[in-house]
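Values in this document were obtained by computation on a predicted structure and should not be read as measured data.
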Amino acid sequence: MMRRWLAAPVVFCTLTAGCGGGGVDPITRSTLSDAVPPVSPLRLVDALPEPADFGGGWRLEPGSLGKQDYYVAFSRQVLVHTCEGANPKKAGIPTDSKHTASVLMVGENDGSRGVSITVAVDSPAASADRISFLRAAYKGCSEAHIEKDGEVHDEKYELLEVSGVKADQTLAVKVTETTELPGEEPDTEVDTTAYARAGGLVVALTGRHGTDPRPLLAAALAEARQELGL
């Protein structure tokens, strides 16, 4: 699981690092509807995919059902603290969807594989603005560096292509995080998150430990749209 920095850090930004140079261009705000589709919490849970929707080879992690919003992980990433314009709250981007449900799937025979799944519903305008802001942030900030209490923390962000998904917006980003503790060798983790928006519905899949969730995105979105009628 990626470490996150919430306390006041010592920040080092350079033009070559991409955390200060350029920064995030303001997004063009959506003119879509501000009305939130009526969704019951139970239906939202039903909209989460089952292992069979991914073609087998997966199982649900017991006790992982929750309400984690897909924007939380982004809001805790280093670039939010170091890259000009990448803080969603300062940019006026709401960080919480109106309705969320989340769950974790792991490999049926390989527990090192893991995909966290979030289904979120908000107004089409709010959901569109969130995805647009994510793309702008990762495009404007390719790297971020932070130091605190002797711990060195670097993140690199790479936008990836998404294909075969019928949606109003799609986005995928690979985050490579390297952490170096005093007296220890650097530790590197790779997470990839893929997003798809259809109206006010957003489905986000985060693959842990190098797992690429993009091949699963179309099935997850189709399941959510069918269950919610969106």
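- Using a distance-only test at 3.5 Å, with no hydrogens or angles considered, a donor-acceptor pair links the side chain of Ser127 to the main chain of Gly200.
- The side-chain heavy atoms of Phe54 and Pro215, taken from C-beta on, include no pair separated by under 4.5 Å.
- Contact record, Leu32 with Ala125: O-CB, 3.5 Å, taken as the closest heavy-atom pair.
- Rounded to the nearest 0.5 angstrom, Ser30 OG and Ile131 CD1 are separated by 12.0 Å.
- Pairing each heavy atom of Ala220 with each of Pro49, the nearest pair is CB-CG, 4.2 Å.
- Judged purely by atom type and a 3.5 angstrom limit, Arg225 has no side-chain atom pairing as donor or acceptor with the backbone of Leu201.
- Minimum heavy-atom separation, Val24 to Ala137: CG2-CA, 3.6 Å.
- Residues His145 and Glu143 have side chains that never bring a donor and an acceptor to within less than 3.5 angstrom of each other.
- Using a 3.5 Å distance cut-off with no hydrogens or angles, the side chains of Thr178 and Thr188 do pair a donor with an acceptor.
- Using modelled atom types, one side-chain atom of Arg113 and one backbone atom of Gly57 make a donor-acceptor pair closer than 3.5 Å.
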Derivation of the side chain to side chain contact (heavy atoms under 4.5 Å, CB included) call for Val78 and Asp154
CA-CA 8 Å; Val78 174; Asp154 291 286; over 6 Å; no
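- Each of Leu65 and Tyr70 belongs to its own hydrophobic cluster when Ile, Leu, Val, Met, Phe, Trp and Tyr are linked at side-chain heavy-atom distances under 4.5 angstrom.
- Side chain of Thr211 to backbone of Arg208: a donor-acceptor contact under 3.5 angstrom is found.
- Using a distance-only test at 3.5 Å, with no hydrogens or angles considered, no donor-acceptor pair links the side chain of Gln68 to the main chain of Ser102.
- Across all their heavy atoms, Ser123 and Ser33 have their closest contact at CB-O, 3.6 Å.
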Evaluate Val190 against His209 for side chain to side chain contact (heavy atoms under 4.5 Å, CB included), listing each step before the verdict.
CA-CA 6 Å; Val190 179; His209 310 300; over 6 Å; no
Could you go step by step and tell me if Leu44 and Leu228 meet the side chain to side chain contact (heavy atoms under 4.5 Å, CB included) rule?
CA-CA 7 Å; Leu44 201 64; Leu228 298 174; 4.0 Å; yes
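- At a threshold of 4.5 Å between side-chain heavy atoms, the hydrophobic network of Ile, Leu, Val, Met, Phe, Trp and Tyr places Val119 and Leu217 in one connected group.
- One N or O on the side chain of Asp168 and one on the backbone of Gly199 form a donor-acceptor pair closer than 3.5 Å.
- Going from atom CG of Leu79 over to atom NZ of Lys156 covers 15.0 Å, rounded to the nearest 0.5 Å.
- Note that SG of Cys141 is 9.0 Å distant from CD of Glu84, once rounded to the nearest 0.5 Å.
- Taking each heavy atom of Tyr71 and Pro88 in turn, the nearest pair found is CE2-CB, 3.8 Å.
- If you chain together hydrophobic residues whose side chains sit under 4.5 Å apart, Val162 and Leu205 fall into the same group.
- Counting only heavy atoms from C-beta outward, the side chains of Thr176 and Glu158 never approach each other to under 4.5 Å.
- At least one side-chain heavy atom of Glu223 sits less than 4.5 Å from a side-chain heavy atom of Glu227.
- Not a single donor-acceptor pair under 3.5 Å links the side chain of Asp53 to the backbone N or O of Ala219.
- Screening residues 118-138 for ring-ring contact (aromatic ring centres under 6.0 Å, His included), with sequence neighbours left out, gives Phe74-Tyr138, Tyr138-Tyr157.
- By the criterion of side-chain heavy atoms lying less than 4.5 angstrom apart, applied directly or through intervening Ile, Leu, Val, Met, Phe, Trp or Tyr residues, Val45 is grouped together with Val39 in one hydrophobic cluster.
- Transitive grouping of hydrophobic side chains (ILVMFWY, heavy atoms separated by less than 4.5 Å) keeps Val175 and Val115 in distinct clusters.
- Using a 4.5 Å heavy-atom cutoff, the side chains of Leu216 and Met105 are not in contact.
- Contact check for Trp58 versus Glu108: no side-chain heavy atoms found under the 4.5 Å cut-off.
- Among pairs with a residue in residues 192-202, those fulfilling side-chain hydrogen bond (donor to acceptor under 3.5 Å, both in side chains) read Gln169-Arg197, Thr193-Thr206, at least two apart in sequence or across chains.
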Before you tell me yes or no, could you show the steps for Val103 and Glu61 under side chain to side chain contact (heavy atoms under 4.5 Å, CB included), namely the whole-Å CA-CA distance, both residues' side-chain angles and the distance that decides it to 0.1 Å?
CA-CA 8 Å; Val103 75; Glu61 183 70 10; over 6 Å; no
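- Rounded to the nearest 0.5 angstrom, Ile146 CD1 and Gln77 CD are separated by 12.0 Å.
- Interatomic distance, Leu230 CG to Leu221 CG, rounded to the nearest 0.5 Å: 10.0 Å.
- Counting only heavy atoms from C-beta outward, the side chains of Val121 and Ser97 never approach each other to under 4.5 Å.
- A 4.5 Å side-chain heavy-atom check between Thr28 and Ser132 finds every atom pair outside the cut-off.
- Ile93 has its side chain within reach of Ile27: a pair of non-hydrogen atoms, C-beta onward, lies under 4.5 Å apart.
- Within the 3.5 Å criterion, the main-chain N or O of Val72 finds no donor-acceptor partner in the side chain of Asp69.
- A salt bridge links Asp122 and Arg130; the closest N-O separation between the charged side-chain nitrogens and carboxylate oxygens is under 4.0 Å.
- Separation of atoms NZ (Lys89) and CG (Asn87) is listed at 8.0 Å; rounding is to 0.5 Å.
- Glu177 and His153 share a donor-acceptor pair across their side chains, judged by distance under 3.5 Å alone.
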